[in-house]
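A note on names: the letters A, B, ... follow the listed sequences, proteins ahead of strands, and every chain is numbered from 1.
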Amino acid sequence: MQEKEARKENLKRLKELGYKAHPYKFPAEDRVFRLVEKFKGEKDQEKLQKIRVKTAGRILTIRRMGRATFFHISDGLDKIQVFLRENQLGKEKYRHFKYFNIGDWIGVEGILFRTKTGELTILANDFTLLAKSLLPLPEKWHGLQDVEVRFRKRYLDLIVNPRSREIFEKRAKIVGIIRNFFLDREFVEVETPMMHSVLGGAAAKPFRTHHNALDMDLYLRIAPELYLKRLVVGGMERVFEIGRNFRNEGLSSQHNPEFTMLEFYWAYQDYLFLMDLTEELFQKIAKEVWGELKGQYQGRDLDLSSPWKRLKFMDSLAEAMGIEKETLWDEEFVLKKAKEVFPEDGGNPPSTYGKALDFLFDSFVKERLWQPTFVMDHPKVISPLAKQHREDPRLTERFELIIAGMEVANAFSELADPEEQLLRFQEQVRRKEEGAEVDMDYIEALSYGLPPTAGEGIGIDRTVMIFTDSPSIREVILFPLLRKK
RNA sequence: GAGCCGUUAGCUCAGCAGGCAGAGCACCGGCCUUUUAAGCCGGGAGUCGCGGGUUCGAAUCCCGCACGGCUCACCA
């Protein structure tokens, strides 16, 4: 804590010299990254020296050389060098900089020039303190490596690791592309409740909370699905929502308890249409983020060119297991097989037919999928909200999109028949699946008529992982959940 | 929840056949007017994650706990 004392002492000195510890404003006309962008190619010293600039940023490095000093300031996006000379600033003013440290926010005015080595630099004729950093920044060369500290103190990560800042800039860009993609297609963006009194729209354990005035228990939503479809009943033919879902499950490199999902519903369309639309959306993102349809994820090639592979759930699973298709409809066999394959130290083996099917699919098929693949036509038992398949009554019109082994999207032709929906809900409750609850209000909404509708959920965090080559979901969530320290 | 690995200065890391707790960056002082991981000289800086044990002596060996990472499981 000695360094903190030294920095406090420096602040005290600066205050004595007339600097404000926390001034009210510094109207910097030039953002650092804009300056760098604008004068990147300008080599003409005379032209540069006519350009007066006023900018601000955080000091990242300092090189003091007696009567001259170089330092870099950063706006998080880029950095620019500043040059102080005693004969430029005057002996007195130059001396003030002595009390500045790495980490301080500084405002700078001056003219541009290029140094001997050709670096664009601001020759300062004035500078001022914008905020003192009383604590030292992590080291300039190695940055901040400690993963725990990077997540707990994301601000430090953002200051010293440009790669981290890039990820969140890209994330914002991707969300923008997605939003525009749907707005361009005449969608309406909506916000539905995050606090639900009845659970639905997915199978996951919920977070519980309580409203005092109404004395009512509530869940944080696990999916917005049932509300969005109520809106389609209400005549909003194309709706989407980008928002947080909350699932009270484990954490992993692909799971955070709160995560961001896009859900959209397009009336009069079916799941086949959505497959094409999904390819189009991801290709648009690829073109804007990668610049082309091919990219790399964790050292392996990804190719998003059309057409993407389509695998039928039951067929591909039977094939991967080397058994007859029909055998997969034998519930006892599937449960038995799942228990066999299940690792000894893995906790509880799948307890229901649906879970067993999911588990087997993940073990035998999903893990091996890398290039974008639509897994389609899931059995009804694991798809309670999807419309019965037009050709096989045991199946549904559903697909999941797998990219790089990750489930990125889930979509179906929406089940519209209120009576069948009631039966499916009741079936779920009978199987005692987690979160299974009959939402009678939703059944009533369906009774007013849901037109043919195609709906899809896309995991935004995982999508961002793919396009930023991030190995963990925590790299793409600013403040991932960590244990309280 | 299970297995494996990790936690030493603000940061990045050495030290771990048990014997005075170290380096670089950062910070402070000195020299230095085109440096850029600036350089040179000097200085200050530690609950070695926490608790217990073994020992004459523990950062180092043993046990427990906390936090984190990876893998597996529930899950998108």
Side-chain angles (χ1 to χ4, degrees), chain A residues 1-10 60-72 79 81-89 94 98-99 101-103 113-119 121 123 133-153 156 159-160 201-205 222-223 245-263 342-351 355 358-359 362-363 366 400-402 406-410 434-435 457-463 465 471-474 482-485:
Chain A
M1 278 299 114
Q2 159 150 1
E3 178 152 357
K4 190 172 182 180
E5 299 312 312
R7 283 166 179 259
K8 274 187 177 165
E9 186 61 28
N10 283 341
L60 286 189
T61 61
I62 302 180
R63 291 171 294 285
R64 303 178 199 267
M65 296 174 307
R67 291 181 188 80
T69 294
F70 286 95
F71 61 94
H72 275 106
K79 57 182 185 173
Q81 184 168 251
V82 182
F83 185 34
L84 306 179
R85 303 172 74 176
E86 192 184 81
N87 60 1
Q88 190 84 19
L89 290 159
Y94 181 79
K98 178 180 162 150
Y99 304 112
N101 295 107
I102 289 175
F113 77 108
R114 277 186 191 278
T115 61
K116 274 184 189 167
T117 55
E119 179 167 355
T121 301
L123 177 63
S133 176
L134 297 175
L135 293 170
L137 250 39
E139 199 213 6
K140 61 186 170 188
W141 188 242
H142 299 92
L144 184 64
Q145 303 290 332
D146 188 312
V147 180
E148 184 181 356
V149 179
R150 286 187 47 229
F151 298 152
R152 285 193 196 277
K153 304 187 182 177
L156 288 180
I159 294 167
V160 300
K205 290 176 195 132
I222 56 173
N245 288 345
F246 306 86
R247 298 190 182 175
N248 207 339
E249 310 277 359
L251 291 78
S252 82
S253 61
Q254 290 176 39
H255 299 87
N256 194 62
E258 52 177 310
F259 63 102
T260 303
M261 182 108 128
L262 157 73
E263 276 203 22
F342 199 81
E344 300 220 348
D345 56 350
N348 302 322
S351 52
K355 282 184 181 179
D358 255 340
F359 167 73
D362 288 354
S363 322
K366 191 162 123 191
E400 289 178 294
L401 169 62
I402 314 289
M406 282 190 282
E407 193 183 323
V408 173
N410 184 23
E434 282 293 332
I458 296 179
I460 298 295
D461 312 278
R462 289 178 180 179
T463 300
M465 283 170 71
S472 163
I473 196 167
R474 290 169 156 163
L482 296 173
R483 220 176 286 263
K484 202 168 162 187
K485 218 174 178 176

Syn/anti label of B/A38 as read from its glycosidic torsion, with the cut at 90° from 0: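 Because its glycosidic torsion lies more than 90° from 0, B/A38 adopts the anti conformation.
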
Any donor-acceptor N/O pair, [X] side chain to [Y] backbone, under 3.5 Å:
X        : Y        : result
A/Arg7   : A/Asn101 : no
A/Asp461 : A/Thr260 : yes
A/Tyr94  : A/Ala68  : yes
A/Asn256 : A/Phe259 : no

Which part of the nucleic acid, if any, lies within reach of [X] when heavy atoms closer than 4.0 Å are counted: base, sugar-phosphate only, or nothing?
X        : result
A/Arg64  : base
A/Asn256 : base
A/Leu482 : sugar-phosphate
A/Asp461 : nothing
A/Arg474 : sugar-phosphate
A/Glu9   : nothing
A/Phe113 : base
A/Thr115 : base
A/Gly250 : base
A/Leu251 : base
A/Asn101 : sugar-phosphate
A/Gly103 : nothing

Distance (rounded to the nearest 0.5 Å) between A/His72 NE2 and A/Arg63 CZ: 5.5 Å

A/Ser253 OG to A/Arg474 CZ distance, which is reported to the nearest 0.5 Å: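 Separation between the atoms: 9.0 Å.
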
Rounded to whole Å, how long is the line connecting atom [atom1] of [X] with atom [atom2] of [N]?
X        : N     : atom1 : atom2 : result
A/Arg150 : B/U12 : CZ    : P     : 11 Å
A/Gln88  : B/U34 : CD    : P     : 14 Å
A/Arg114 : B/U35 : CZ    : C1'   : 16 Å
A/Leu134 : B/C27 : CG    : P     : 13 Å
A/Glu119 : B/A38 : CD    : P     : 11 Å

Options [options], nucleotide nearest the side-chain atoms of [X]:
X        : options             : answer
A/Phe70  : B/U12, B/U34, B/C67 : B/U34
A/Met65  : B/U35, B/G68, B/C11 : B/U35
A/Phe83  : B/U12, B/U35, B/U34 : B/U34
A/Glu3   : B/U33, B/U35, B/A26 : B/A26
A/Lys140 : B/U12, B/C25, B/C74 : B/C25
A/Leu144 : B/C11, B/U33, B/C74 : B/C11
A/His142 : B/C32, B/C74, B/U12 : B/U12
A/Thr121 : B/U35, B/C11, B/U12 : B/U35
A/Asn10  : B/C28, B/G68, B/U12 : B/C28
A/Ile102 : B/G24, B/C27, B/C67 : B/C27

Earlier contact from the 5' end, RNA chain B, for A/Ser472 and A/Glu139: A/Glu139

First of A/Arg247 and A/Gly143 reached from the 5' end of RNA chain B, by closest nucleotide: A/Gly143

Using Watson-Crick or G-U wobble geometry with both distances below 3.5 Å, tell me the partner of [N], or none.
N     : result
B/U71 : B/A2
B/A66 : B/U7
B/G46 : none
B/U55 : none
B/G22 : B/C13
B/U35 : none

Which whole number of Å gives the distance between the [atom1] atom of [N] and that of [M]?
N     : M     : atom1 : answer
B/G3  : B/A58 : P     : 31 Å
B/A9  : B/A59 : C1'   : 14 Å
B/A21 : B/G44 : C1'   : 16 Å
B/C40 : B/U54 : C1'   : 49 Å
B/G6  : B/A26 : C1'   : 25 Å
B/G15 : B/C20 : C1'   : 14 Å
B/G57 : B/G19 : C1'   : 7 Å
B/C72 : B/C16 : P     : 34 Å

Geometric class of the A/Phe83/A/Phe70 ring pair [parallel <30°, tilted 30-60°, perpendicular >60°]: parallel

Side chain proximity check, A/Val408 to A/Ile402, heavy atoms < 4.5 angstrom: no

pair A/Glu407-A/Leu401: side-chain heavy atoms closer than 4.5 Å: no

Presence of A/Arg85 side-chain N/O under 4.0 Å of B/U34 phosphate oxygens OP1/OP2: no

Heavy-atom neighbours of A/Lys366 NZ exceed 12 at 6.0 Å: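 Yes.
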
hbond_proxy A/Arg63 side chain to B/U35 base (donor-acceptor, 3.5 Å cutoff):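 For A/Arg63, whose side chain was compared with the base of B/U35, there is a donor-acceptor pair (under 3.5 Å).
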
No-H, no-angle donor-acceptor pair, A/Gln81 side chain to B/U35 base, under 3.5 Å: yes

